[in-house]
Amino acid sequence: LHIAILASILSLIIYWLIRDSHRVRNLSGKHIFITDCDTRLGKSLAKWLDKRGFCVIAACATEKGGQELQLCSSLSLKTVNLNLADSNSIARVVAFVTKETAGKGLFGLVSNTEGPAPVAPTDWLRIEDFHSVLDVSLLGLIEITLKLLPLLKKAEGRLVNLINAKGLMAFVGGGYSLSKWGMEAFSDILRIEMQHFGVKVSIVEHGFFKAGVVNSDVIERDLLRLWNRLTPEIRDSYGEKYFLE
């Protein structure tokens with residue numbers, strides 16, 4: 001019994017030593033760029049990292065979101081407007097981040113996006129419905145990641161992609177699940193490729209806390225809009241009873 005207790009204590013000591021050896025030291029001057037800081041998750045993460053002493057650059061989709069974040073953060077936190085569906089907006093943000101990091105490189109990139117997505121059977125949708133999601137939540141995140149990779153390699157930084165686990169359950173049509181599965185694959189490939197440069201790539205699959213508020217009225221209104229634009233043939237194939245249920 002005594003040997004088992006000593007072994008347990010020794011295991012805990014080893015665990016603590018290993019854990020502490022991986023902690024980041026000297027946080028001052030290390031820059032972290034976070035996308036989608038209008039959301040509860042992005043805003044909370046930006047505030048927490050700011051309090052830890054990192055130099056946070058928070059990207060917001062709206063000026064209002066940036067202003068609200070600055071009011072509850074330190075003066076070192078910077079905000080920038082970002083539209084992930086617009087390559088020009090991405091280019092401007094990359095130039096801003098490059099200037100802010102001042103040759104030191106980017107210590108961390110946290111990619112997070114939870115944009116609105118049409119939820120409906122696949123044959124209710126048009127190709128533009130897929131573009132409205134994938135252009136932001138997949139292709140936009142990939143584009144800004146590619147353009148920031150040189151800064152990450154320079155600092156031997158880390159890339160963290162936040163993925164809502166509900167998107168990995170393919171139970172409804174549309175681009176939402178496609179974007180999440182796409183980011184999983186992109187991250188897994190990039191992790192292998194970036195090892196040579198000392199850049200760490202991680203995925204955080206969240207889902208046990210609220211990243212945003214689901215509005216059932218919005219979903220119902222969107223479903224009605226999609227139903228009303230269907231061709232008579234598709235609508236008849238489902239029937240009014242299908243929509244009402």
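Just so we're clear, the structure is a prediction, and the values are computed from it rather than from any experiment.
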Inter-residue atom distance Thr79.OG1 - Leu69.CG, 0.5 Å rounding: 7.0 Å
Stepwise side chain to side chain contact (heavy atoms under 4.5 Å, CB included) test for Met194 and Leu149: CA-CA 9 Å; Met194 288 295 108; Leu149 275 180; 4.0 Å; yes
Point-to-point distance, once rounded to the nearest 0.5 Å, from CG of Leu134 to OG of Ser132: 8.0 Å
Residue of the set Leu146, Thr145, Val199 for which side chain to side chain contact (heavy atoms under 4.5 Å, CB included) holds with Leu190: Thr145
Atom CD of Glu128: over 12 foreign heavy atoms under 6.0 Å: yes
Separation of Leu109 CG from Lys147 NZ (nearest 0.5 Å): 14.0 Å
Other residues, nucleotides, ligands: >12 heavy atoms within 6.0 Å of Leu75 CG: no
Identified side chain to side chain contact (heavy atoms under 4.5 Å, CB included) counterpart of His31 within the set Leu151, Thr101, Val56: Thr101
Heavy-atom pair with the smallest gap, counting every atom of Cys72 and Lys47: SG-CD, 3.7 Å
Side-chain heavy-atom pair Leu162, Asp36 within 4.5 angstrom cut-off: no
Side-chain heavy atoms of Phe33 within contact of Glu100, under 4.5 Å: no
Exercise: identify the closest heavy-atom pair between Ser76 and Phe54: OG-O, 4.3 Å
For Asp50 against Ser74, the heavy-atom pair lying closest together: OD1-OG, 2.6 Å
Atom pair CG (Leu41) and CG (Asn112), whose distance is rounded to the nearest 0.5 Å: 4.5 Å
Met183 and Ile203, any side-chain heavy atoms less than 4.5 Å apart: no
Side chain to side chain contact (heavy atoms under 4.5 Å, CB included) evaluation trace for Leu138 with Leu178: CA-CA 8 Å; Leu138 180 59; Leu178 294 178; over 6 Å; no
Close side-chain approach of Asn164 and His206, heavy atoms under 4.5 Å: yes
Nearest non-hydrogen partners of Ser179 and Val133, listed with the distance: OG-CG1, 4.3 Å
Nearest atoms (heavy-atom pairs only) where Val136 meets Ala85: CG2-CB, 3.7 Å
Pair Arg191 + Asp188: basic N to acidic O under 4.0 Å: yes
Sole candidate of Glu156, Lys154, Arg158 that passes side chain to side chain contact (heavy atoms under 4.5 Å, CB included) when paired with Phe107: Arg158
Closest heavy-atom pair and its distance - Cys60, Gly65: SG-C, 3.8 Å
Side-chain touch Lys104/Lys30, heavy atoms, less than 4.5 angstrom: no
Sidechain N-carboxylate O distance under 4.0 Å for Lys180, Glu184: no
Single-linkage hydrophobic cluster Ile189~Leu139, side-chain heavy atoms < 4.5 angstrom: no
Side chain to side chain contact (heavy atoms under 4.5 Å, CB included) assessment of Ile144 paired with Leu82: CA-CA 10 Å; Ile144 198 165; Leu82 173 62; 3.8 Å; yes
Approximate separation, where rounding is to 0.5 Å, of Thr113 OG1 and Asn161 CG: 11.0 Å
Approximate separation, where rounding is to 0.5 Å, of Ser89 OG and Asn81 CG: 7.5 Å
Within-4.5 Å side-chain heavy-atom neighbours: Ser111 and Leu159: yes
